[in-house]
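Structure record follows, encoded as structure tokens.
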There are 2 protein chains.
Amino acid sequence: MARRPTTSDAFNAVAEPRRREILDLLAAGERPVNDLVVILGLAQPQVSKHLGVLRAVGLVTVRTSKQQRLYKLNADRLKPIHDWVRTFEPFWDNQLNRIKERAERKAQERASGRNATDKEP
Amino acid sequence: MARRPTTSDAFNAVAEPRRREILDLLAAGERPVNDLVVILGLAQPQVSKHLGVLRAVGLVTVRTSKQQRLYKLNADRLKPIHDWVRTFEPFWDNQLNRIKERAERKAQERASGRNATDKEP
DNA sequence: AAATCATATACCCTAATCGGAATATTGCAA
DNA sequence: TTGCAATATTCCGATTAGGGTATATGATTT
């Protein structure tokens, strides 16, 4: 096996900085491919390929209008990333949350019973 | 060029599901490698390698204790992901935010001037 | 010192990326 | 129809991940 395909996941699709940039741009509204080519300063085929990946994971949708293809953000597919990373909020938030988090962690350690990390008796 | 190294970024490091699992586990507290091996059901070398990637991007820290190496979450390094993905919150939130977002988007479109997506006059 | 436990590293392999350049496709225009 | 504009697809080359397996390192105990 090799690395997970970029098209397997929003996580993998979004690991590429250019694709994040594309999503950032599309957050402002629908755009045709050539807009992205110009703004990002990339070659057109690469942009099309990036859009293909984003489309494959459902992060964007396409609509044909005149000779152009208008790409639109489908932000729902970013939710899994948000949901996952949100679970770590307590760790970096403010001091208040840090205290709360510490309490929760202690409780969890107690609840999950003894394991290899246990200090000596 | 090939794909961005997994060690280049928190985004890339976290694209691998196993590594996310490891971080999830470490959220409950420090753990030695063998704990992760047992819990994840992976081979020990693979776990060590995943931990190596996580360490390379600063998502975990290590501390040697007795014969073991205790890995600890360093959640701060997840913040960039959180910050990025947070910018898309308005899109999937509740209806209230959706209205607000629409207004913002319209304003932005107006502000950023004419472009190729413009409808006919 | 030897054996052992815990972990890290090295090697081989296959699959898949991304960029570049060329070319194919599709729709509209003259 | 011929041509052009916008976009997609294909082929190439270099790089690298990640699993598997074997082995090395390092600390601990006997």
Side-chain angles (χ1 to χ4, degrees), chain A residues 1-22 25-26 30-57 60-72 115-118 120, chain B residues 1-22 25-26 30-57 60-72 115-118 120:
Chain A
M1 269 154 246
R3 210 209 286 217
R4 278 270 167 113
T6 56
T7 55
S8 61
D9 224 49
F11 283 96
N12 280 278
V14 148
E16 176 66 23
R18 315 289 193 155
R19 286 196 283 266
R20 288 201 300 279
E21 287 185 59
I22 289 177
L25 289 171
L26 295 183
E30 253 183 358
R31 280 205 187 271
V33 178
N34 200 53
D35 267 30
L36 303 173
V37 169
V38 171
I39 296 174
L40 296 174
L42 295 179
Q44 175 268 315
Q46 333 297 340
V47 173
S48 276
K49 275 193 274 186
H50 283 315
L51 287 168
V53 172
L54 294 173
R55 193 154 44 99
V57 297
V60 300
T61 56
V62 216
R63 166 173 83 93
T64 303
S65 163
K66 304 175 66 175
Q67 331 78 306
Q68 305 185 312
R69 312 207 71 202
L70 300 179
Y71 281 83
K72 191 175 107 179
N115 60 47
T117 64
D118 287 345
E120 44 285 336
Chain B
M1 271 152 243
R3 211 208 282 216
R4 276 272 168 111
T6 57
T7 56
S8 62
D9 223 49
F11 282 97
N12 280 278
V14 148
E16 177 66 23
R18 316 287 193 159
R19 286 195 284 265
R20 289 200 299 278
E21 286 186 59
I22 290 177
L25 288 171
L26 295 182
E30 251 182 359
R31 281 205 186 272
V33 178
N34 200 53
D35 267 31
L36 303 173
V37 169
V38 170
I39 296 174
L40 296 174
L42 294 179
Q44 176 267 316
Q46 333 300 338
V47 173
S48 277
K49 274 192 275 186
H50 283 313
L51 287 168
V53 172
L54 293 174
R55 192 155 44 98
V57 297
V60 299
T61 56
V62 215
R63 167 173 84 90
T64 302
S65 164
K66 310 174 62 175
Q67 334 78 305
Q68 307 185 310
R69 311 208 70 203
L70 301 178
Y71 281 82
K72 191 174 109 179
N115 61 46
T117 63
D118 286 346
E120 43 285 335

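Computed from a predicted structure; not experimentally measured. Here is the naming used below: chain letters follow the sequence lines, and residue numbers restart at 1 for every chain.
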Find the distance between [atom1] ([X]) and [atom2] ([Y]) and round it off to the nearest 0.5 Å.
X: His50(B); Y: Leu40(B); atom1: NE2; atom2: CG; answer: 8.5 Å
X: Arg55(A); Y: Lys72(A); atom1: CZ; atom2: NZ; answer: 15.0 Å
X: Arg19(A); Y: Leu54(A); atom1: CZ; atom2: CG; answer: 6.5 Å
X: Asn12(A); Y: Asn12(B); atom1: CG; atom2: CG; answer: 8.5 Å
X: Leu36(B); Y: Gln46(B); atom1: CG; atom2: CD; answer: 13.5 Å
X: Asn34(B); Y: Ile39(B); atom1: CG; atom2: CD1; answer: 9.5 Å

Evaluate side chain to side chain contact (heavy atoms under 4.5 Å, CB included) for Arg20(A) paired with Phe11(B), printing each intermediate quantity in order. CA-CA 10 Å; Arg20(A) 288 201 300 279; Phe11(B) 282 97; 3.4 Å; yes
Within the sub-3.5 Å range, which N or O atoms of nucleotides 25-30 of chain D have a protein N or O partner, and how far apart are they?
none

Locate the shortest heavy-atom distance separating Val33(A) from Val47(A); write the atom from each residue and the value. CG1-CG1, 4.0 Å
Test log, rule side chain to side chain contact (heavy atoms under 4.5 Å, CB included), inputs Leu51(B) and Arg69(B): CA-CA 11 Å; Leu51(B) 287 168; Arg69(B) 311 208 70 203; over 6 Å; no
Whole-Å gap separating [atom2] ([N]) and [atom1] ([X]):
X: Gln68(B); N: dA8(C); atom1: CD; atom2: C1'; value: 15 Å
X: Arg63(B); N: dA6(C); atom1: CZ; atom2: C1'; value: 15 Å
X: Arg4(A); N: dA17(D); atom1: CZ; atom2: P; value: 16 Å
X: Leu40(A); N: dC18(C); atom1: CG; atom2: C1'; value: 15 Å
X: Asn34(B); N: dA8(C); atom1: CG; atom2: P; value: 11 Å
X: Asp35(B); N: dA6(C); atom1: CG; atom2: P; value: 11 Å
X: Asp9(B); N: dT16(D); atom1: CG; atom2: C1'; value: 16 Å

Please list, in numerical order, the residues of residues 12-22 of chain A that have a heavy atom closer than 4.0 Å to any atom of DNA chain D. none
Check step by step if side chain to side chain contact (heavy atoms under 4.5 Å, CB included) holds for Gln68(B) and Asp35(B). CA-CA 10 Å; Gln68(B) 307 185 310; Asp35(B) 267 31; 6.0 Å; no
Step by step, work out the side chain to side chain contact (heavy atoms under 4.5 Å, CB included) result for Arg31(B) and Leu26(B). CA-CA 7 Å; Arg31(B) 281 205 186 272; Leu26(B) 295 182; 3.8 Å; yes
Please write out the pairs of protein N or O atoms and N or O atoms of nucleotides 8-15 of chain D separated by less than 3.5 Å, giving the distance to one decimal.
{"unit_1": "dA8(D)", "atom_1": "OP1", "unit_2": "Arg69(A)", "atom_2": "NH1", "d": "3.2"}
{"unit_1": "dA8(D)", "atom_1": "OP1", "unit_2": "Tyr71(A)", "atom_2": "OH", "d": "2.4"}
{"unit_1": "dA8(D)", "atom_1": "OP2", "unit_2": "Ser48(A)", "atom_2": "OG", "d": "2.5"}
{"unit_1": "dA8(D)", "atom_1": "N7", "unit_2": "Gln44(A)", "atom_2": "NE2", "d": "2.7"}
{"unit_1": "dA8(D)", "atom_1": "N6", "unit_2": "Gln44(A)", "atom_2": "OE1", "d": "3.2"}

Is there a side-chain polar atom (N or O) of His50(B) under 4.0 Å from OP1 or OP2 of dA17(D)? no
